[in-house]
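So that the names make sense, note that chain A is the first sequence line, chain B the second, and so on, each numbered from 1. What's counted below: heavy atoms across the whole structure, side chains too, no hydrogens, waters or symmetry copies.
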Amino acid sequence: MNPKRKSRLYLAVFLLVAVSGTTAALMVAMEQNINMFYPPDQVVDGTAPVERTIRAGGMVKDGSVNRDPDSLAVEFTITDHMGSEFVVAFTGILPDLFREGQGIIVQGELAESGRFQAKEVLAKHDENYMPPELMDMAQEIEAQGAAKSSDPRT
Amino acid sequence: MTLKELWHKLGSPRWFYHMSTPWVTGFGIAAALLLCTGIVWGLGFAPQDYQQGNSVRIMYVHVPAAMVAQSVYIGMGVAGFVLFVWRMKLADVAIAACLPFGMMLTALALFSGGVWGRPTWGTWWDWDGRTVSTLVMLFLYIGIYALREAIPDVELRGRASALVAVVGTINIPIIKYSVEWWHTLHQPASFTLTAKPTMPPEMYLPLLVMVLGIYCFAGHNILSRMRLEIVRRERGTQWVRELVLPARAAG
Amino acid sequence: MQFDSLAEFVAMGGHGLYVWMAYGATLAVLLGSTIALRVARRKQMLELRWAADQQDASTTTETQGTSGA
């Protein structure tokens with residue numbers, strides 16, 4: 001390769017590596033701030049800052065949704081199904097996909113008491129897509145499996 | 001033909017023009033067939049999602065648009081690298097040809113994403129890792145376009161756009177891995193080449209058809225633009241004259 | 001077919017606005033870029049043909065050929 005071309009090659013590669021390296025370093029340094037939301041264990045153990053607008057997320061705990069009959073106020077518990085959970089209070093319209101067991105992201109302030117006052121509630125959905133008929137079948141199979149395993153006769 | 005021979009041939013815009021003729025037609029026909037099939041399938045025959053209902057059909061345009069927009073950027077980055085190091089004219093033509101469709105696909109990905117997010121997440125827009133890095137990609141496309149419009153000198157223009165294109169490729173892994181590195185609102189990839197699909201075939205197949213269709217459309221679009229530019233640059237030559245007036249050129 | 005009537009198809013179970021906005025934009029992009037390319041190609045051909053005609057006309061009226069366009 002002729003020398004001028006070689007030096008251009010080196011320059012291009014150097015620039016690419018320099019910019020990539022800088023970006024990677026920035027991302028690692030800002031790790032804490034980039035985390036898009038705090039999961040339940042970090043909310044509970046004190047990692048998540050209080051009295052500051054932050055985002056937190058997890059799953060809506062079954063049976064924890066309490067709606068006020070006279071207003072749009074609602075309370076529910078967010079859990080990670082691994083032992084950590086916290087209560088969220090929100091006034092407003094919940095997204096269509098909000099339901100028990102759904103992944104949820106809340107934006108608002110965490111109080112010292114551990115209660116989260118949400119200003120915004122967003123529903124997160126995973127990358128698993130399923131037609132309703134298959135979902136019903138899957139749930140039935142699961143239910144049958146659970147019934148079998150709890151059957152004392154087998 | 002060896003790789004080295006191919007490389008040297010690419011130095012000739014004329015060779016490229018003639019070589020690409022069957023490809024342009026092929027991509028065009030394939031795109032038309034795949035996209036017509038995919039759109040009808042996705043809109044009318046694929047099932048709903050148990051959670052999202054019919055809004056899941058937006059996936060069949062959003063995912064292909066996003067994927068191909070990224071691939072076109074990578075192609076543009078490669079062309080930029082080649083232009084910068086080897087000064088290959090065809091690479092400059094390739095960069096210019098990738099810009100319009102790449103921009104439109106990125107905008108389409110962002111728009112369709114927002115339209116999908118509204119009924120599902122609950123918001124048109126979220127400052128999330130993937131959405132922001134895709135927006136950055138749109139700005140890169142627009143920026144390179146503006147750069148090229150602003151610089152009249154062909155060599156300088158080529159080198160400047162090549163540099164931005166190459167450096168901007170580092171944004172692509174950020175788009176891809178943001179959903180894995182960080183806790184984000186945007187879900188992980190629905191479509192990867194390596195992992196098993198996270199959806200049943202009734203949903204996966206129309207998605208695959210649409211992804212292939214948009215790739216073919218991009219191939220057709222970008223090659224066509226390259227050919228347009230090649231003819232423009234070589235308009236004084238005999239071979240272009242033969243293109244334009246095949247009968248008369250003999251005389 | 002997942003829908004029992006045209007009305008249902010348009011309504012998309014309440015998500016019609018979103019689905020049709022997304023697909024509408026897609027079709028606009030696909031058709032728009034195809035048409036734009038066709039138009040540009042035709043324009044280029046016409047211009048080149050015109051230029052070639054000019055060149056031919058001037059070479060037939062002069063006894064000596066002119067150099068390139």
Between B/Ser71 and B/Tyr215, does the side-chain hydrogen bond (donor to acceptor under 3.5 Å, both in side chains) criterion hold? Intermediate values first, please. CA-CA 9 Å; B/Ser71 295; B/Tyr215 269 113; 2.7 Å; yes
For B/Met137 and B/Tyr73, work out which heavy atoms get closest and say how close. SD-CB, 4.0 Å
Measure distances from B/Leu228 to the heavy atoms of chain C and classify the residue's part below 4.5 Å as side chain, backbone, both or neither. both
Per-residue contact mode, C/Trp20 against chain B (heavy atom under 4.5 angstrom): side chain
Among the listed options C/Leu37, C/Val19, C/Val29, the residue most often paired with chain B at heavy-atom distances under 4.5 Å: C/Leu37
Donor-acceptor check, side chain of B/Ser20 to backbone of B/Trp23, threshold 3.5 angstrom: yes or no? no
Quick one: do C/Asp56 and C/Arg49 satisfy salt bridge (charged side-chain N to carboxylate O under 4.0 Å, His left out)? Show the steps, please. CA-CA 10 Å; C/Asp56 288 350; C/Arg49 215 161 277 163; over 6 Å; no
Contact leader toward chain B among C/Ala36, C/Ser33, C/Gly13, where contacts are heavy-atom pairs under 4.5 Å: C/Ser33
Exercise: do B/Ser55 and B/Arg118 side chains pair donor with acceptor under 3.5 Å: no
Looking only at B/Gly42, B/Pro119, B/Gly28, B/Pro47, most heavy-atom pairs under 4.5 Å shared with chain C are made by B/Pro119
Contact origin within B/Ala107 toward chain C - heavy atom pairs under 4.5 Å: neither
For a quick test of reading the model, state the closest non-hydrogen atom pair linking B/Ala46 to C/Gln2 and the distance between them. O-CG, 3.1 Å
Under 4.5 Å heavy-atom distance to chain C, tell me which part of B/Ile214 shows up: side chain, backbone, both or neither. side chain
Highest number of heavy-atom pairs under 4.5 Å with chain C among B/Ala65, B/Gly44, B/Ser112 belongs to B/Gly44
Interface check, chain C: of B/Val115, B/Leu43, B/Leu105, most non-hydrogen pairs under 4.5 Å belong to B/Leu43
Taking only Lys NZ, Arg NE, NH1 and NH2, and the carboxylate oxygens of Asp or Glu, determine whether B/Arg233 and B/Glu229 approach each other closer than 4.0 Å. yes
Tell me, for C/Leu17 versus chain B, whether the close heavy atoms (under 4.5 Å) come from the side chain, the backbone, both or neither. neither
Chain B contact via C/Phe9 - side chain, backbone, both or neither, heavy atoms under 4.5 Å: side chain
Using ring-ring contact (aromatic ring centres under 6.0 Å, His included), reason through B/Tyr60 and B/Trp41 one step at a time and then give a plain yes or no. CA-CA 9 Å; B/Tyr60 301 116; B/Trp41 196 345; 8.6 Å; no
Hey, which of B/Thr237, B/Leu35, B/Val231 has the most heavy atom pairs under 4.5 Å with chain C? B/Val231
Identify which part of B/Pro100 has an atom lying under 4.5 Å from any heavy atom of chain C, answering side chain, backbone, both or neither. neither
Under 4.5 Å from any heavy atom of chain C - which part of B/Val240: side chain
Mind checking whether B/Phe101 and B/Phe217 have parallel, tilted or perpendicular rings, split at 30° and 60°? tilted
